[in-house]
Amino acid sequence: MSERTEPSTRRVGSLALITLTLAAAAGAFAYTAGWLSPGRITPTKLVDALAPPTGPAPGHRRNHAKGICFTGVFDSTGKGADLSRAQVFAQGQYPALGRFNLGTADPNAPDATERVRGMGLQIATPDGQVWRTAMINPPFFPVSTPEAFYELLLAGQSKDPNAMKTFAAGHAEFGAFVAWATTAPWTPSYAEDRFNGLNTFVAVASTGAEHAVRWSLLPQAQITPIAPPDLAKLGPDHLEQEIAERVGTAPQRWSMVLTVAGPGDQTADPSKAWPDGRRTVEAGTLVVQRIEAEADGPCRDINFDPTVLPDGLRVSDDPFPAARSAAYARSYDLRTAEASHYPAHPATAPGGRP
């Protein structure tokens with residue numbers, strides 16, 4: 001093998017490693033029964049495809065299995081009300097709970113082995129509305145369609161040594177994700193990560209005006225990049241330990257920014273980032289005030305279904321939220337049915353949580 005061809009070969013070889021990251025997508029982005037013709041792809045098939053060779057971890061989410069709960073508030077600036085009539089964008093403070101997590105099906109995975117990090121978030125408002133969202137740290141999704149995502153999972157599990165190379169050759173958008181995964185800086189803390197909602201939703205204003213939007217949470221903490229080997233030296237569970245210590249010292253904050261689509265921007269394809277310079281609105285600040293272990297924490301029984309939206313937000317032509325919803329529901333049903341691995345919360349037994 002010549003030096004001239006070696007970088008290309010390394011790049012393709014790295015694709016197999018990046019499939020470990022693709023679990024990120026799952027917590028993140030899945031598939032739905034009925035989206036294609038019956039018998040082709042179902043939530044069961046997709047969730048099964050996410051399982052590692054040793055099988056899923058009973059009682060855990062089928063992806064983003066390693067995580068920790070948080071509670072806090074969303075401090076709304078009121079500026080988002082120009083875009084959406086949802087009460088969550090009216091000025092005020094609203095209770096929030098969520099979950100920091102890694103994009104892996106292994107709840108015991110060492111932090112430095114997982115490229116994708118995520119945040120599940122729920123914000124509730126006095127009018128009884130709930131907003132749930134699941135975000136990840138990549139700036140775009142690895143593939144453009146649910147079909148391609150399922151093909152990617154299959155390629156990652158294939159015994160064919162050329163499977164990932166073949167997949168990459170047929171999906172040009174995947175190259176951008178590989179480049180991000182192999183070159184973007186790592187951080188030593190969830191508090192320093194930016195979390196992006198890669199799907200497009202429609203914000204509906206009180207006037208009835210509609211705008212396609214995406215959102216991100218930008219960290220207010222100072223970012224200090226770290227190399228993966230140095231992160232590994234901090235310990236396999238450093239991220240959870242560090243965020244608990246950091247929040248115990250002082251609340252941590254992220255600015256929520258809504259980005260409004262411009263003419264020609266892709267709304268159905270999360271692999272396409274929107275250009276810089278689009279209109280943005282700083283809708284508020286997420287303030288994380290308390291960290292709790294997931295085993296008996298408030299996030300454990302929450303399904304961060306991205307189609308749970310308040311009045312004033314609705315799904316767009318992006319097919320992924322419906323797909324994710326179906327797969328999340330399948331994962332939730334599986335893990336909660338594994339009773340011996342999923343005991344009831346002492347505080348809520350025998351009734352349990354809704």
Side-chain angles (χ1 to χ4, degrees), residues 1-33 35-57 61-66 102-106 109-110 112-118 136-184 198 228 269-272 319-320 323-324 326-327 330-331 334:
M1 182 180 299
S2 70
E3 285 187 332
R4 184 174 183 178
T5 60
E6 186 177 0
S8 173
T9 303
R10 282 180 184 162
R11 182 181 178 87
V12 171
S14 69
L15 303 183
L17 295 178
I18 289 169
T19 31
L20 297 175
T21 297
L22 298 174
F29 307 83
Y31 209 21
T32 183
W35 199 86
L36 293 182
S37 58
R40 289 186 63 187
I41 302 177
T42 67
T44 296
K45 288 183 178 179
L46 179 62
V47 171
D48 287 348
L50 292 165
T54 55
R61 298 168 201 261
R62 288 329 197 229
N63 193 26
H64 292 255
K66 184 176 184 178
L102 294 182
T104 174
D106 180 2
T113 65
E114 303 303 330
R115 189 64 183 94
V116 172
R117 299 174 188 173
I136 52 177
N137 59 335
F140 38 71
F141 197 58
V143 292
S144 60
T145 66
E147 299 99 317
F149 178 65
Y150 185 67
E151 292 169 10
L152 178 56
L153 292 177
L154 296 182
Q157 293 181 345
S158 175
K159 296 180 180 179
D160 179 357
N162 295 315
M164 287 301 297
K165 181 178 180 180
T166 300
F167 175 85
H171 298 83
E173 73 273 22
F174 188 52
F177 183 80
V178 174
W180 171 84
T182 54
T183 63
L198 303 181
D269 182 355
S271 73
K272 301 294 188 295
F320 279 97
R324 293 167 59 190
R330 175 61 179 165
S331 172
L334 289 170

Test item: T183 side-chain N/O and A179 main-chain N/O as donor-acceptor pair under 3.5 Å: yes

F167: what forms a ring-ring contact (aromatic ring centres under 6.0 Å, His included) with it, not counting sequence neighbours? H171, F174

Any idea which heavy atoms bring S271 and F140 closest together, and the distance? O-CB, 3.6 Å

By side-chain hydrogen bond (donor to acceptor under 3.5 Å, both in side chains), T44 pairs with (sequence neighbours left out) R330

L153 CG to D48 CG distance, which is reported to the nearest 0.5 Å: 11.0 Å

Under the side chain to side chain contact (heavy atoms under 4.5 Å, CB included) test, which residues partner A169, sequence neighbours left out? none

Mark yes or no for whether K66, through its side chain, and A109, through its backbone, hold a donor-acceptor pair below 3.5 Å. yes

What pair of heavy atoms forms the shortest contact from Q157 to L50, and how long is it? NE2-N, 4.4 Å

4.5 Å side-chain heavy-atom contact, E173 and V143: yes

Could you report the tightest heavy-atom contact between A57 and R62, atom names first, then the distance? O-NH1, 3.7 Å

Mind checking what makes side chain to side chain contact (heavy atoms under 4.5 Å, CB included) contact with P110, not counting sequence neighbours? T113, P236

For P228, all residues meeting side chain to side chain contact (heavy atoms under 4.5 Å, CB included), sequence neighbours excluded: W186

Using the benzene-type ring in the case of Trp, are the ring centres of F320 and F149 under 6.0 Å apart? no

Are the side chains of V116 and W180 in touch, meaning some heavy atoms are under 4.5 Å apart? yes

Not counting sequence neighbours, which residues clear side chain to side chain contact (heavy atoms under 4.5 Å, CB included) with N162? List them please. D160, T166

For D269, what residues pass the salt bridge (charged side-chain N to carboxylate O under 4.0 Å, His left out) criterion, not counting sequence neighbours? K272

